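First the structure, in the form of structure tokens, and then the observations on it.
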Amino acid sequence: MELKLNKPICFFDLETTGIEVAKDRIVEISIFKVFPNGTQESKTWLVNPEMRIPEAVIAVHGITNEKVANEPTFSQLAPQIHNMIKDSDLAGFNSDRFDIPLLVEELLRAGVDFDMKNRVAVDVQTIFHKKEERTLSAALKFYCGKSLENAHSAEADTMATYEILKAQLDRYPDLENDMKSLSEFTTRKKSVDFAGFIAMDSEGQEVFTFGKHKGARVERVLEDEPGYFGWIQNADFPLYTKKVLTGIKLRKLNNKF
């Protein structure tokens, strides 16, 4: 089943130096863009992460430090990457919890002010887990009858994810072929920031999800304990979390006037 699109959608996958969103860097990114008229384009970049890739990580994806030594940095590639995704919804495999947060961190670090306000995200892994509970390789075999060659290659994983989503729409008639609906189905929780440090409560108010203020409304904490804002800004939190927190603080200040 082909996708019904109101705007382009970019399937993408990252290979990285590790799994910490605030610290690790991209070493490979592959984007496969599908337009509403069926036109497709794809691009894969190797990226110099400007840090050492641990041997344990190299053993997973096979991208060595020597392989990326002379490749462009993410900051150099950021304008091209942003230009490709800026008008699009996003999709990936485990993308809500890892790929999107890390990609946004890299874009913000490169000076590109990217957010999700006018786009939705579809996490194909969530559909799979809610329906079948398997890995990406097993998902491709289950839905498409294909073996995943070159697993942990960003390009191979990206194309596999695209094929799986189309097959999922064929298999499950209750899944609506609409990106907004799929995004809602694949959203695990109502996070305000990508990393899940700030979420929405039942009344639509932002609350912290961690630490001593877990469950407390952000505006109230910032009012009662002003230093908490500075602590988060100076601590090792994702840049997007800091951006969201700043937005909440500015909103509260503006509401006073």
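By convention here, the first residue in the shown sequence is residue 1. Here the structure is a predicted model, which is why all the values come from computation and not from measurement.
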- E28 vs L14 side-chain heavy atoms within contact, under 4.5 Å: no
- Query: Do D236 and K242 sit within salt-bridge range, that is, some charged N less than 4.0 Å from a carboxylate O?
  - Reply: no
- Message: Is it true that, when you exclude E155 itself, more than 12 heavy atoms of the residues, nucleotides or ligands shown sit nearer than 6.0 Å to its CD?
- Response: no
- Are L90 and V112 connected in a single hydrophobic cluster, I mean Ile/Leu/Val/Met/Phe/Trp/Tyr linked by side-chain heavy atoms less than 4.5 Å apart? yes
- Item | pair D99-D13: side-chain heavy atoms closer than 4.5 Å | yes
- For the pair I164 and L136, evaluate side chain to side chain contact (heavy atoms under 4.5 Å, CB included) and give the outcome as yes or no after the intermediate values. CA-CA 9 Å; I164 290 166; L136 176 60; 3.5 Å; yes
- Find the distance between CD (E15) and NE2 (H61) and round it off to the nearest 0.5 Å. 6.0 Å
- Value for SG (C144) from CZ (R171), rounded to nearest 0.5 Å, stands at 9.5 Å
- Which atom of L148 lies closest to which atom of A156, heavy atoms considered: CD1-O, 3.9 Å
- Message: If the threshold is 4.0 Å, N to carboxylate O, is there a salt bridge linking R109 and E50?
- Response: no
- Query: Would E106 and R25 satisfy side chain to side chain contact (heavy atoms under 4.5 Å, CB included), going step by step from the backbone distance to the final call?
  - Reply: CA-CA 7 Å; E106 289 275 40; R25 301 291 187 268; 3.6 Å; yes
- Message: Quick check: is I29 connected to L46 through a chain of hydrophobic side chains (ILVMFWY, heavy atoms under 4.5 Å apart)?
- Response: no
- Of all the heavy-atom pairs spanning T16 and F98, show the shortest one and how long it is. OG1-CZ, 3.7 Å
- Task: Please confirm whether the backbone N or O of A69 pairs with a side-chain atom of N48, one donor and one acceptor, at under 3.5 Å?
- Result: yes
- Please walk me through it: do L182 and E176 pass side chain to side chain contact (heavy atoms under 4.5 Å, CB included)? CA-CA 7 Å; L182 290 171; E176 186 176 349; over 6 Å; no
- Task: For this output row, return yes or no: ring centroids of F93 and F11 closer than 6.0 angstrom.
- Result: no
- Within 6.0 Å of CG in N37, more than 12 heavy atoms from elsewhere: yes
- Message: Testing the basics here: between P36 and N6, what is the closest heavy-atom pair and its distance to 0.1 Å?
- Response: CG-C, 4.0 Å
- More than 12 heavy atoms from other groups under 6.0 Å of CG on L250: yes
- Same apolar cluster (I L V M F W Y, side chains within < 4.5 Å links), I31/F35: no
- Message: Whether the side chain of N150 engages the backbone of S153 through a donor-acceptor N/O pair (distance < 3.5 Å, no angle test) should be reported.
- Response: no
- Item | Over 12 foreign heavy atoms within 6.0 Å of NZ, K7 | yes
- Are V192 and V207 in one and the same hydrophobic cluster, where Ile, Leu, Val, Met, Phe, Trp and Tyr link if side-chain heavy atoms are under 4.5 Å apart? no
- Item | K212 to E225 - nearest heavy-atom pair and separation | NZ-OE2, 3.0 Å
- Query: Are the side chain of T209 and the backbone N or O of G196 linked by a donor-acceptor pair below 3.5 Å?
  - Reply: yes
- Query: Charged N to carboxylate O below 4.0 Å: is that the case for K243 and D193?
  - Reply: no
- Task: Check whether any side-chain N or O of T161 sits under 3.5 Å from a backbone N or O of D157 as a donor-acceptor pair, and report yes or no.
- Result: yes
- Message: Before you tell me yes or no, could you show the steps for F114 and Y240 under ring pair (Phe, Tyr, Trp, His ring centres under 6.0 Å), namely the whole-Å CA-CA distance, both residues' side-chain angles and the distance that decides it to 0.1 Å?
- Response: CA-CA 9 Å; F114 183 85; Y240 195 77; 8.4 Å; no
- Message: Please report the interatomic distance CD(E66) to CD1(I53), rounded to the nearest 0.5 Å.
- Response: 8.5 Å
- Spacing of H213 atom NE2 and D224 atom CG [to the nearest 0.5 Å]: 8.5 Å
- Message: Between F142 and Q168, is there a side-chain heavy-atom distance shorter than 4.5 Å?
- Response: no
- L102, L239, D115, I85 screened by side-chain contact (heavy atoms from CB on, under 4.5 Å) with L107, the one that passes: I85
- Item | Spacing of L165 atom CG and F128 atom CZ [to the nearest 0.5 Å] | 13.0 Å
- Task: For the pair R251 and E206, find out whether any cationic side-chain nitrogen is under 4.0 Å from an anionic carboxylate oxygen.
- Result: yes
- Message: Run M179 and V122 through side chain to side chain contact (heavy atoms under 4.5 Å, CB included) and show every step you take.
- Response: CA-CA 7 Å; M179 295 308 109; V122 178; 4.2 Å; yes
- Query: Is I81 reachable from V27 through a run of hydrophobic residues whose side-chain heavy atoms are each under 4.5 Å from the next?
  - Reply: no
- Message: For the CG atom on N70, are there more than 12 heavy atoms of other groups (residues, nucleotides or ligands in this structure) within a distance under 6.0 Å?
- Response: no
- Message: Taking the side chain as everything from C-beta on, heavy atoms only, tell me whether K33 gets closer than 4.5 Å to D87.
- Response: yes
- Donor-acceptor side-chain pairing of Y228 and Q233 below 3.5 angstrom: no
- Item | pair Q80-W45: side-chain heavy atoms closer than 4.5 Å | yes
- Query: Can you tell me if S42 uses its side chain to pair, donor with acceptor, with the backbone of F32 under 3.5 Å?
  - Reply: no
- Criterion salt bridge (charged side-chain N to carboxylate O under 4.0 Å, His left out) on K4 and D178, from CA distance to verdict: CA-CA 6 Å; K4 294 180 182 177; D178 170 78; over 6 Å; no
- Query: Would you find a donor on one side and an acceptor on the other, under 3.5 Å apart, between the side chain of S183 and the backbone of A121?
  - Reply: yes
- Item | Check: F237 ring centre within less than 6.0 Å of F210 ring centre | yes
- Going by atom types alone, do T44 and S30 pair a side-chain donor with an acceptor below 3.5 Å? yes
- Query: Is a donor on one side and an acceptor on the other found under 3.5 Å between the side chain of E105 and the backbone of A22?
  - Reply: no
- Minimum heavy-atom distance E2-Y162, with the two atoms named: OE1-OH, 3.7 Å
- How about V68 and P49: do any of their side-chain heavy atoms sit closer than 4.5 Å? yes
- Task: Report yes or no: does N83 contribute a side-chain atom to a donor-acceptor pair with the main-chain N or O of P79 at less than 3.5 Å?
- Result: no
- Message: Just so I know, are the side chains of I198 and V218 near enough to count as touching, which here means a heavy-atom distance under 4.5 Å?
- Response: yes
- Query: D89 side chain to R119 main-chain N or O, any donor-acceptor pair under 3.5 Å?
  - Reply: no
- Item | Gap separating the CG atom of L175 from the CZ atom of F185, nearest 0.5 angstrom | 5.5 Å
- Message: So does S181 get a backbone contact from the side chain of E184, meaning a donor-acceptor N/O pair under 3.5 Å?
- Response: no
- Check: I232 and F208 side chains under 4.5 Å, non-hydrogen atoms: yes
